[in-house]
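Read the structure below first, then the notes.
Since the model is a prediction, treat every value here as computed from it, not as a measurement.
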Amino acid sequence: MMGKQMVIPVEGRRRRAAEAAARLVDDGARLGLGSGRTAGLFVEALAARVAASGMRVTCVATSERTERLARGHGLPVVAPETLPALDLAVDGADEVDGALDLVKGRGGALVRERIVARAAARFLVVVDDEKRVTRLGRGPIPVEIVGFGSSWTLAALRDLGAADLLRDVGGTPVRTDNGNLLAGLELPADDRRLATAAGKRAFAAAVAALPGVVDHGLFLDMADAVLVGAEDGSVTTLHRAVGR
Ligand code: A5P
């Protein structure tokens, strides 16, 4: 009789990818810790490895929430300004396309996430297989905007797609750790602007150029590798074709 195919729930897929990433951390590493559920699972896996092995790491966190989580698990967290650079940053993503370009930031931490990822010699992304898309923009692209003139900035974003402030469950506009607002920029399902490398760059540049925009969630040419947890329990590592 054929055994029933094992199907791992989404959280388990993320956890396996996070555990695989934790195994890639070297003793003495200066690490950037991402934000969100999957990045949180990486923090837990890292803390378990550090506790079991006695290895030492120094961490920088991309959000106040991650900082609390890491400290709660006994990981040392320092201010980014105290380190010249990072060896490795590990973070989740909302969407990953075939070129390993990403949408990030639905958790509201995209500004610090980009700063930390850029400061790291390697940027690893951990996701479950449901995050893989044929074209970025399946969901809203987060855009961090300053509060001053936000209705004008939103109007300018609406020239690029449907845009509105992201709100919490109570309907209050989300404030980032930087005290800014978060907009979501949505593209129609048949939109082709994010279908090519040149299109993605042009679109990202158009969003970034708007007055009032602090940063957006299109992380292009940044991920060195993506660890994908699948429903059969496997973890696949995808490597970016060209070095950054
Ligand atoms: C946080 O600002 C984001 O960039 C997260 O990395 C992204 O939203 C993925 O989060 P989850 O792992 O919670 O899906």
Side-chain angles (χ1 to χ4, degrees), residues 34-36 38-39 62 89 91-120 123-127 129-167 173-174 176 178 180-226 228 238-244:
S35 294
T38 320
T62 54
D91 204 344
D94 300 302
E95 299 179 18
V96 181
D97 73 7
L100 304 196
D101 288 331
L102 317 169
V103 169
K104 282 190 52 53
R106 287 188 199 140
L110 63 95
V111 168
R112 297 185 190 195
E113 289 171 345
R114 192 190 299 276
I115 292 169
V116 165
R118 287 300 304 166
F123 178 36
L124 279 189
V125 175
V126 281
V127 293
D129 50 1
E130 292 184 0
K131 302 283 187 66
R132 294 186 74 184
V133 296
T134 47
R135 195 164 67 234
L136 297 180
R138 181 171 66 183
I141 298 162
V143 183
E144 184 159 333
I145 65 176
V146 297
F148 181 88
S150 59
S151 59
W152 296 335
T153 308
L154 277 173
L157 284 171
R158 286 190 191 112
D159 289 339
L160 298 171
D164 217 334
L165 291 181
L166 296 181
R167 296 170 188 276
V174 172
T176 70
N178 309 312
N180 295 315
L181 296 165
L182 205 60
L185 179 55
E186 287 188 65
L187 305 184
D190 59 352
D191 196 286
R192 302 285 305 163
R193 281 174 291 177
L194 299 182
T196 64
K200 285 184 276 188
R201 282 200 193 95
F203 189 81
V207 177
L210 294 175
V213 167
V214 181
D215 200 357
H216 54 75
L218 287 167
F219 280 40
L220 310 179
D221 301 322
M222 291 186 70
D224 292 295
V226 179
V228 186
L238 308 173
H239 295 277
R240 204 154 65 82
V242 192
R244 66 173 149 126

Closest heavy-atom pair and its distance - [X], [Y]:
X: G34; Y: A39; result: C-CB, 3.3 Å
X: F123; Y: K104; result: CZ-CD, 4.4 Å
X: D215; Y: V111; result: CB-CG2, 3.8 Å

Q.
Please enumerate all residues that pass salt bridge (Lys or Arg N to Asp or Glu O under 4.0 Å) together with R167, with sequence neighbours excluded.
A.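 Per chain and number, R167 pairs via salt bridge (Lys or Arg N to Asp or Glu O under 4.0 Å) with no residue.
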
Hey, what do you get for [atom1] ([X]) to [atom2] ([Y]), rounding to the nearest 0.5 Å?
X: I145; Y: L210; atom1: CD1; atom2: CG; answer: 10.0 Å
X: F203; Y: R193; atom1: CZ; atom2: CZ; answer: 5.0 Å
X: T196; Y: R201; atom1: OG1; atom2: CZ; answer: 9.0 Å
X: H239; Y: L100; atom1: NE2; atom2: CG; answer: 9.5 Å
X: L218; Y: L185; atom1: CG; atom2: CG; answer: 8.5 Å
X: D101; Y: K200; atom1: CG; atom2: NZ; answer: 3.5 Å

Run the side-chain donor-acceptor check on residues 153-163: report pairs under 3.5 Å with partners two or more places apart or on a different chain.
unit_1 : atom_1 : unit_2 : atom_2 : d
T153   : OG1    : G149   : O      : 3.3
R158   : NE     : A163   : O      : 2.8
R158   : NH2    : A163   : O      : 3.2

| message | Can you tell me which residue among L102, V103, D97 is in a side-chain contact (heavy atoms from CB on, under 4.5 Å) with V133? | response |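 Going through L102, V103, D97 one by one, the side-chain contact (heavy atoms from CB on, under 4.5 Å) with V133 is satisfied by D97 alone.
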
Check each of L166, L165, L182 against P173 using the side-chain contact (heavy atoms from CB on, under 4.5 Å) test, and report the only one that passes.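 Only match with P173 under side-chain contact (heavy atoms from CB on, under 4.5 Å): L165.
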
Quick one: does any side-chain atom of [X] pair with a main-chain N or O of [Y] as donor and acceptor, under 3.5 Å?
X: E95; Y: G137; value: yes
X: R114; Y: H216; value: yes
X: D94; Y: G105; value: yes
X: R106; Y: P140; value: yes
X: D224; Y: R240; value: no

Practice task
Could you please spell out the steps behind the side-chain contact (heavy atoms from CB on, under 4.5 Å) verdict for T38 and V127?
Solution key: CA-CA 7 Å; T38 320; V127 293; 5.9 Å; no

- [ ] Given side-chain contact (heavy atoms from CB on, under 4.5 Å), test L187 with L194 step by step and report yes or no.
- [x] CA-CA 9 Å; L187 305 184; L194 299 182; 3.5 Å; yes

Next on the checklist: Does anything in residues 130-145 form a salt bridge (Lys or Arg N to Asp or Glu O under 4.0 Å)? List the pairs, not counting sequence neighbours.
Outcome noted: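 Output for this query lists R13-E130.
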
Discussion item. Quick one, V226 with V228, criterion side-chain contact (heavy atoms from CB on, under 4.5 Å). Give me CA distance, side-chain angles, the key distance, then yes/no.
Written reply: CA-CA 6 Å; V226 179; V228 186; 3.9 Å; yes

